[in-house]
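Contents: one structure, followed by commentary.
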Protein chains: 2
Amino acid sequence: MGEWRQLMGKRVTIADVAREAGVSISSVSVALNGGPGVSEETRARIAEVARSTGWVPSVRGRSLSGNRAFALGLVLQRKPEVLEADPFFAGFIGGVESILERRDFALVLQLASSRSGMIDRCRRLALARRIDGMFLTDIRLRDPRIPLLAMLGLPTVAINAGPGCPFPTVRQDPEPGMRDLMAHLVGLGHRRIAHVSGGKGMIHSAQRLKAWRRGLDAAGLPHGPVVQGDFTSEGGSRAADELLSLPEPPTAVVCANDLTAIGFIARATEIGFHVPHQVSVTGYDGIQLGSFMRPPLTTLLTSPHGLGRAAAGLLLDLIDGKPVTDVEIQPASLIIRGSTAAPPA
Amino acid sequence: MGEWRQLMGKRVTIADVAREAGVSISSVSVALNGGPGVSEETRARIAEVARSTGWVPSVRGRSLSGNRAFALGLVLQRKPEVLEADPFFAGFIGGVESILERRDFALVLQLASSRSGMIDRCRRLALARRIDGMFLTDIRLRDPRIPLLAMLGLPTVAINAGPGCPFPTVRQDPEPGMRDLMAHLVGLGHRRIAHVSGGKGMIHSAQRLKAWRRGLDAAGLPHGPVVQGDFTSEGGSRAADELLSLPEPPTAVVCANDLTAIGFIARATEIGFHVPHQVSVTGYDGIQLGSFMRPPLTTLLTSPHGLGRAAAGLLLDLIDGKPVTDVEIQPASLIIRGSTAAPPA
DNA sequence: CTGAAAGCGCTTACAG
DNA sequence: CTGAAAGCGCTTACAG
């Protein structure tokens, strides 16, 4: 019956509910928002009418009068081909949604194809007042979105930001796991350990590169060669060509992420290098497919889902004006599988 | 200066623009929506003021008065672990966004953790009038969302729907490619060809199963064994255990998607079956990583991105009241790689 | 405890 | 060509 009314195009509004319950629309509003000043009896009657008519408050009306969009924004810039295999994107959104689902907030997603497009869409999303807050991911060195969002005054939560970011931040520390990984390789006997880096200018690329360097320093080893990657398997494949044609190729290669490692291994195998017996290869992310590779991938397990959950909770608190502090989720942890072994004698 | 006004909390509104331009707010509205009845001179003046103040119309006001949300909805149900490696999700969204980006529409994404949650969120999204239209993906046999959305009267576009779906549909035909795939296997000499199916009750699982059967029929071969899968690598791994322990194991296995095939190959290799020389394995989807497997995966190349583009265009037309017809994008096509070969003699 | 009124920022007929 | 007015569906002080 409620459904029936809805479907005939006669949308149920707060006025219908008020009329049917014999109260004013303000009483309906207060009753359903849990405000004080409505008797239990009236509240129950209103609730029953709302239920039976199938009324769902219009977010348009609520937004305009209440000055809240009931939505959070996520703007990403990705090349389509990178997005498909992206190890972060889907898990992060899943984590965010697991929190928003209960709060009846919506996630507004925008994918920009260019850097300037991303910045422009951030700006419009905020200025059009479509969202109450924003998630800032894939942060770059001197990211132009940081001053933009700060200036617009939009509540923002950063994910894995570097130091000096003015927004509350959710972090998963790469350091302990990377230290374990480097110790694992050094312990196996590796002395020439190379790195295939992540996308240029990304803060997480820089973090992983630094952690690799520190691991070498800690073991008193020289810094091996670094090849610029881009977080894709193609990049890993190219890096294999480059590193394995060196006069003294590395015996271990630390890749900036799993996709890179998978591409590296595929190409290394193709040109006749046995993984792990001639060259050990490691990833970063801990994607599910890593365990189905042959050899299965030694990697660091990250938690995009956990970051999403934490970020959503933090952003909602921030919007509600609650006091917030940065959140650290459990650090990425080493998973040793078959793609690492002792170097050739 | 425009930015400055915005940032001080004094949001620029249409009233500010009207005052500064010396016109009424209705003129501003008409001018910026490209309506007739404003002189070129006035329009230019208004545009200049809008630009210099940095005014972006509030979507809240526009939605309420204009009865449009300027947003489209996508509600998915996925287990978090499936979502991460999902071959469809990210590409589809990328395609949708490539169209929405130009039209200043937003994509509202909701991820439900349960079936009932998904249906409830569909309902609330529509009733709260948060969106103008909806994408219907992952359609099941007798999907309860179909009558729901039809009843609510929400413009909806279906993706790869079966016959009898009342909504305009975007399709990528699996038939020609599956026919080619089966012919490829039969041509190699395979006579015992098994199938690992997709998730239970999904329409695309049924389609691929049917296509496999038809291929066998066309070659006059008996239907090999079918193992129930679930579109995951774990499911493929379990299927390998089951099929390869048969008294007469199949010499070729057609998997419902690439993840399943990858899991199958990993497990088959582990228990001592050489792929492709003892058993050929095929996938479906054409994920990028398929070409980095060893052996690289024979599969059908699909286009989630193309489906997303087409679906977004169709849905926007539908909302605008334009006449629409179903759209067929180029069929999924066979890619022959190293995971298929002649059966053992 | 309850209701009438103003207002959120726009769009859309309708007069002039 | 331009403006004043009504209205979209709510929330929030403010009176009673």
Side-chain angles (χ1 to χ4, degrees), chain A residues 5-6 9-47 49-50 53-71 104 124 126-130 132, chain B residues 5-6 9-47 49-50 53-71 104 124 126-130 132:
Chain A
R5 285 261 291 286
Q6 304 273 4
K10 310 219 167 306
R11 294 266 168 205
V12 178
T13 72
I14 196 171
D16 301 317
V17 175
R19 185 170 1 84
E20 198 146 326
V23 295
S24 71
I25 62 165
S26 38
S27 294
V28 175
S29 175
V30 173
L32 271 107
N33 289 315
V38 187
S39 69
E40 233 1 276
E41 193 206 319
T42 308
R43 192 191 302 274
R45 183 153 37 92
I46 291 172
V49 173
T53 54
W55 177 58
V56 174
S58 161
V59 77
R60 300 171 187 178
R62 294 220 294 161
S63 290
L64 188 55
S65 65
N67 199 25
R68 294 196 293 161
F70 303 99
D104 208 27
R124 294 187 65 84
L127 256 27
R129 319 211 64 182
R130 217 191 253 277
D132 299 314
Chain B
R5 285 262 290 287
Q6 305 273 4
K10 310 218 167 306
R11 294 265 169 208
V12 177
T13 71
I14 195 172
D16 300 318
V17 175
R19 185 169 4 82
E20 200 146 325
V23 296
S24 72
I25 62 166
S26 37
S27 294
V28 176
S29 175
V30 172
L32 271 106
N33 289 316
V38 186
S39 68
E40 233 1 276
E41 191 205 322
T42 308
R43 193 190 301 274
R45 182 153 37 94
I46 291 172
V49 173
T53 55
W55 177 58
V56 175
S58 162
V59 77
R60 300 171 187 177
R62 291 221 294 163
S63 292
L64 189 55
S65 65
N67 199 26
R68 295 195 293 162
F70 303 99
D104 208 27
R124 294 187 65 85
L127 257 28
R129 321 211 64 184
R130 217 191 252 278
D132 299 314

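Quick note on labels: first sequence line is chain A, next is B, and so on, each numbered from 1.
- Judged purely by atom type and a 3.5 angstrom limit, A/Arg60 uses its side chain to pair as donor or acceptor with the backbone of B/Arg129.
- Checked by distance alone, B/Ser65 brings no side-chain donor or acceptor within 3.5 Å of a matching partner on the base of D/dC8.
- Remark: C1' of C/dG3 and CZ of A/Arg43 are 16 Å apart, rounded to the nearest angstrom.
- Taking only side-chain nitrogens and oxygens, A/Ser58 never comes nearer than 4.0 Å to OP1 or OP2 of D/dC10.
- When each of A/Arg60 and B/Glu40 is assigned the nucleotide of DNA chain D bearing its nearest heavy atom, the one mapping closer to the 5' terminus is B/Glu40.
- Distances shown here put every side-chain N or O of A/Asn67 at or beyond 4.0 Å from the OP1 or OP2 atom of D/dT11.
- The nearest whole Å value for the distance from the CZ atom in A/Arg62 to the C1' atom in C/dG7 is 18 Å.
- Evaluation of atom-type donor-acceptor distances gives no pair under 3.5 Å for the side chain of B/Ser26 against the base of D/dA5.
- Counting to the nearest Å, the P atom of C/dC1 and the CD1 atom of A/Ile25 are 20 Å from each other.
- B/Ile14 places its CD1 atom 5 Å from the P atom of C/dT11, with the value rounded to the nearest Å.
- Across all strands shown, A/Val23 has heavy atoms under 4.0 Å from sugar-phosphate atoms exclusively, and none from any base.
- For the atom pair OG (A/Ser63) and CG (B/Leu64), the distance works out to 9.5 Å, reported to the nearest 0.5 Å.
- Atom CD1 of B/Ile46 is separated from atom C1' of C/dT11 by 14 Å (rounded to the nearest Å).
- Residue B/Leu64 contributes atom CG, which lies 9 Å from atom C1' of D/dG7 at whole-angstrom precision.
- Between B/Ser27 and D/dG3 there is a side-chain N or O to OP1 or OP2 distance below 4.0 Å.
- As judged by a 4.0 angstrom heavy-atom cut-off over every strand, A/Thr42 is placed among residues touching the sugar-phosphate backbone only.
- At whole-Å resolution of the value, CZ in A/Arg130 and C1' in C/dG9 are 15 Å apart.
- Smallest separation of non-hydrogen atoms from A/Arg130 and B/Ala69: NH1-O, 3.5 Å.
- Here the CG atom belonging to A/Asp132 is positioned 8.5 Å from the CG atom belonging to A/Asn67, to the nearest 0.5 angstrom.
- In this structure, A/Val28 reaches neither bases nor backbone, as no heavy-atom distance under 4.0 Å exists between it and the strands shown.
- B/Ser39 has a side-chain polar atom (N or O) that falls below the 4.0 Å cut-off from OP1 or OP2 of D/dT2.
- Checking side-chain atoms of A/Thr53 against main-chain N and O of A/Ala50 turns up a donor-acceptor pair under 3.5 Å.
- Of the candidates C/dC10, D/dC10, C/dG3, the closest approach to any side-chain atom of B/Trp55 belongs to C/dC10.
- The B/Ser29 side chain lies nearest to C/dT11 when the options are C/dT11, D/dT2, D/dT12.
- One distance of note links CZ of A/Arg62 with CD1 of A/Ile14; it measures 10.0 Å at 0.5 Å rounding.
- Under the Watson-Crick or G-U wobble criterion, with both distances below 3.5 Å, C/dG16 is paired with D/dC1.
- Rounded to whole Å, the distance from CZ on A/Arg68 to C1' on D/dT11 is 10 Å.
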